[in-house]
2 protein chains.
Amino acid sequence: MKKAILERIRAGTWPPGASLPGEIDLAKEFGCARATVSRAMRELVTDGILERRRKVGTRVRSAPTRRAEFTIPLIREEIIATGAQYGYALVEREIQIVPVWLRAQLDLPAKARVLRLCCVHFADNVPFQVEDRWINLSAVPEAASFDFEETGPNDWLVRKVPFTNAELSFSATGAQPRIAEMLGAAHGSAVFTLERTTWLEGAGVTFARLHFAPHYKMTTRY
Amino acid sequence: MKKAILERIRAGTWPPGASLPGEIDLAKEFGCARATVSRAMRELVTDGILERRRKVGTRVRSAPTRRAEFTIPLIREEIIATGAQYGYALVEREIQIVPVWLRAQLDLPAKARVLRLCCVHFADNVPFQVEDRWINLSAVPEAASFDFEETGPNDWLVRKVPFTNAELSFSATGAQPRIAEMLGAAHGSAVFTLERTTWLEGAGVTFARLHFAPHYKMTTRY
DNA sequence: TAGTGGTCTAGACCACCCC
DNA sequence: GGGTGGTCTAGACCACTAA
């Protein structure tokens, strides 16, 4: 069904910007139930192919969708998937009062306690990613008594703590001396940086800043 | 319906990794039709919350390999959305034989002709993005006779040329002298770089390498 | 207010795949 | 083989919104 509609769009029966017939007419035309047409069209909307408005009808999107989807894998799985051996090292672990910049990001009260971790993930013993992690101890008190010597915070959190909202941002930063050293890169070299914040029902859970080794590329197809 | 299921997951009735009851049981429990449960669950699968396998059942994904979705706006619209004034300048326009590295990327025959464009997008007269663009002239012959003095290739292509597949990749690169100069940045400074390739039915259409001014961040929430 | 999509029901058959 | 999800039907009512 979905294929049949797609074919017509590709064939030019319904060029970009054109209106499609209503669900009932299409159902007759294809000889199937209206619910079937409806489902196929709803899927095409989520695929970014169609655009629907009540009372107006369904149109083929004229400017093809410009949405990209990323799956953010666990770093361990990402490394293993390349065929390399995964390695992990904890560099720093400290409980502290939340820094001001992080208070704003996680929406925490003043003097909230956070666990700060810094660790390195290796692929075949070569540094792959430096993870700077802050965990809100009022949201995740168990974290205070876990040592993170063997298991990375990423792995641990994913199994322990659900979240409802997240924010991701990508950027390029010049490697700070400490980061550069841990990554085995030159000072100031361009580092791909991913920041991720997660909340559970409005309460900030954790913030991570991930620094990737030089030449890392994050790729997606659609 | 979808909400009801999500609530239970959040509430911990079905913790990560747990199996949910079958569709028929759930339908009884919620007092609704099986098709309704089915649709809600399928949607939760596409949201990355659930995982389903025939004969095995439905589970809550333990590692929410959640997908982040980006909307890649037209650069012009992105700049205007910040309240700044959009500016555009064409720096270079040349028809040439496709370079080898690009042949592989676009899947072109040797000696295919491509149009190479280099331009800068400004926000309030400050360089915002440098666009390095290659267009396959056998796929888009009209491009050869368009001068791109006033309209950026991005704007033009989006209106003229459909595509069926695309690949996006993000990385951090040290600014090459030419790029640095155009961006008004220091040589070697960290530049966020986005590469985008699009195909139409298997035929490479265009490749773009976008270099953003320092401190650019690409952000998404979900 | 009329017409569109959005959602649901109750039932049916099929495809897959672990046991 | 048998239980699971995948998909479909035919019909119904609701919600939104442009005219």
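This one's a predicted model, so the numbers in the text were calculated from it and none came from an experiment.
Judged by distance alone, the side chain of B/Asp124 and the main-chain N or O of B/Gln85 form a donor-acceptor pair under 3.5 Å. In this structure, the side chain of A/Thr151 does not engage the main chain of A/Phe148 through any donor-acceptor pair within 3.5 Å.
Axis angle across the helix from C/dT1-D/dA18 to C/dC18-D/dG1, with five pairs used at each end and values rounded to 10°: 20°.
What separates CD of B/Glu51 from P of D/dG5 is a distance of 13 Å, to the nearest Å. Following rounding to the nearest Å, A/Arg42 (CZ) and C/dT4 (P) show an atom-to-atom distance of 18 Å. At whole-Å resolution of the value, CZ in A/Arg39 and P in C/dG5 are 17 Å apart. Separating the CD atom of A/Glu43 from the P atom of C/dG5 is a distance of 17 Å, rounded to the nearest angstrom.
Between A/Phe207 and the choices A/Ile135, A/Val98, A/Thr197, the side-chain contact (heavy atoms from CB on, under 4.5 Å) rule is met once, by A/Thr197. When B/His121, B/Glu78, B/Glu77 are each tested for a side-chain hydrogen bond (donor to acceptor under 3.5 Å, both in side chains) with B/Tyr86, only one passes: B/His121.
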Check your understanding: In B/S/- notation, 5' to 3', how is nucleotides 9-19 of chain D contacted by protein heavy atoms closer than 4.0 Å?
Key -> BB-BB-BBBB-
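Proximity of B/Thr58 to the phosphate of D/dG5: a side-chain N or O atom is located under 4.0 Å from OP1 or OP2. A close approach under 4.0 Å does occur between a side-chain nitrogen or oxygen of A/Arg52 and OP1 or OP2 of C/dG6.
Under a cut-off of 6.0 angstrom, the local environment of CD in A/Glu150 is sparse, with at most 12 non-hydrogen atoms contributed by other residues, nucleotides or ligands. Taking a 6.0 Å sphere around CG of B/Asp147, one finds it holds more than 12 heavy atoms contributed by other residues, nucleotides or ligands. Annotation for A/Ile80: atom CD1 counts as buried by contact number, over 12 foreign heavy atoms lying within 6.0 Å.
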Practice item. Could you go through the side chain to side chain donor-acceptor pair (under 3.5 Å) check for B/Arg133 and B/Thr206 one step at a time? Key: CA-CA 7 Å; B/Arg133 168 78 64 174; B/Thr206 181; 3.2 Å; yes
Check your understanding: Taking it one step at a time, do A/Val37 and A/Cys32 satisfy side-chain contact (heavy atoms from CB on, under 4.5 Å)?
Key -> CA-CA 7 Å; A/Val37 174; A/Cys32 67; 3.7 Å; yes
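Remark: nothing in residues 20-28 of chain B comes within less than 4.0 Å of DNA chain C through any heavy atom.
At least one cation-pi condition fails for B/Arg113 and B/Trp134: the charged atom is not both under 6.0 angstrom from the six-membered ring centre and inside a 45 degree cone around its axis.
In the model, B/Thr173 has a side-chain atom that pairs as donor or acceptor with a side-chain atom of B/Thr193 under 3.5 Å.
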